[in-house]
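Letters A, B, ... mirror the listed sequences (proteins, then strands); counts begin at 1. What you are looking at is a predicted structure, and each value in this text was computed from that prediction instead of being measured.
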Number of protein chains: 2
Amino acid sequence: MKTSQRAFSLLESSGYKVTSQRQIILEIILNNREKHMSAEEIHEKANKSNADIGLATVYRALELFEELKIIHKMNFGDGRSRYELWEEEHHHHHLICTSCHEVYEVAEDLLDVLEHKIENKYKFKISGHQLKFYGVCYNCKEDKKDES
Amino acid sequence: MKTSQRAFSLLESSGYKVTSQRQIILEIILNNREKHMSAEEIHEKANKSNADIGLATVYRALELFEELKIIHKMNFGDGRSRYELWEEEHHHHHLICTSCHEVYEVAEDLLDVLEHKIENKYKFKISGHQLKFYGVCYNCKEDKKDES
DNA sequence: TTTCCTGCAAAGGCTTTGCATAGGG
DNA sequence: CCCTATGCAAAGCCTTTGCAGGAAA
């Protein structure tokens, strides 16, 4: 469980306290990689398996984790923010199904060439990116059976 | 002013009415390409130069335009949705400065290869994409003067 | 005339904030 | 002990909705 160690020393060295609530919240995120949970969902999970944590505390912890680059806030267009581990090189993309609204992760990155081009042409120092593809996933294709 | 013609025939053929409010709202969007305006900003502009349009009407028009693929709703992480013309092949990306929060547009696309790869590997039929780069823009670079 | 549209205000949903208490270092 | 963190409830935003009057077709 390296990630949590790193995260907590980061908290300490930044002058923040390692509270039980923060530990629980981070643990939930770690145990649910690739789930893109909302604050509400994290809150529910926390209170299902542990003591009572206030929703406001969840929001404050998430804000802090984001500031420390432990997690990433994202938006998939459903009106609430979703969170994901930062992952050193968080070089993956998301496929969002416009039919069932499922979100899939894609390992490929391949944006390096494009990034360099943009950095030079626009004099813009890139520190991160977020790429979403919209479309219809395998499970939602009408002609799914024909493909067997 | 081709785009608005196309938009209004689309409205009619879909059974919606061409009202003055919808015309004004679309006109504002057309006259402010690349501005990524929020509903509130469109509302302000509308009431500055014209009669009174309710904010709810703006939201309803934007929702309709999005459904008809006349515009695109996006999210730049500032808590409100922003809108942009659909533009047949809306193949451009956004540079978001983490310092001044300005949003720039990039003409390059170059995602075709990646898209095909993903379509095949994940059996996902892609219909659109959205790519955001985060970083520091030219105007916010500290070493700006050294580069002259 | 009929049906859809608009404005207003109220309601909704997510997120943030104020304040008194609890708890980490 | 001191100072930050938490919980609760209230407040803040952005967005959506209900409803009665108004405007397209």
(message) Under a 3.5 Å cutoff, is there a donor and acceptor pairing between the side chains of A/His36 and A/Glu105?
(response)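 Yes, because at least one side-chain N or O of A/His36 sits under 3.5 Å from a partner of the opposite role on A/Glu105.
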(message) Can you confirm whether the side chains of B/Glu84 and B/His92 place a donor and an acceptor under 3.5 Å from each other?
(response) yes
(message) Once side chain to side chain donor-acceptor pair (under 3.5 Å) is applied, do any residues pair with A/Tyr134, and if so which ones, sequence neighbours excluded?
(response) none
(request) Please name all residues satisfying side chain to side chain donor-acceptor pair (under 3.5 Å) with B/Lys17, sequence neighbours left out, ordered by chain then number. (result)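 Listed in chain order: nothing, the list is empty.
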(request) Measure across B/Lys141 and B/Val136 and return the closest heavy-atom pair with its distance rounded to 0.1 Å. (result) N-CG1, 4.0 Å
(message) Could you report the tightest heavy-atom contact between B/Ile96 and A/Phe124, atom names first, then the distance?
(response)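 Residues B/Ile96 and A/Phe124, closest heavy atoms: O-CZ, 3.4 Å.
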(request) Could you state the atom-to-atom distance from CD of B/Glu67 to P of C/dC4 in whole Å? (result)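 Atom-to-atom, B/Glu67 to C/dC4, this comes out as 14 Å.
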(request) To the nearest Å, give me how far apart CD (B/Gln21) and P (C/dC4) are. (result)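 Spelled out: CD on B/Gln21 to P on C/dC4 is 17 Å.
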(message) For B/His93 together with A/His129, are the ring centres under 6.0 Å from each other?
(response) no
(request) Output yes when A/Arg82 and A/Glu41 qualify as a salt bridge under the 4.0 Å nitrogen-oxygen rule, no when they do not. (result) yes
(request) For each nucleotide in nucleotides 19-25 of chain C, reading 5' to 3', give B when a protein heavy atom comes within less than 4.0 Å of its base, S when such contact involves only the sugar-phosphate, and - otherwise. (result) ----BBS
(message) Counting primed atoms plus P, OP1 and OP2 as sugar-phosphate and everything else as base, spell out the protein contacts along nucleotides 11-16 of chain C at 4.0 Å heavy-atom distance: B, S or - for each nucleotide, 5' to 3'.
(response) ---SBB
(message) Quick check for you: name the first and last nucleotides of DNA chain D, 5' to 3', having an atom under 4.0 Å from a heavy atom of chain B.
(response) D/dC14 to D/dA25
(message) So B/Trp86 and B/Leu68, do their side chains get closer than 4.5 Å, heavy atoms only?
(response) no
(message) Just to verify, what does B/Glu40 make a side-chain contact (heavy atoms from CB on, under 4.5 Å) with, not counting sequence neighbours?
(response) B/Ser38, B/His43, B/Glu44, B/Leu55
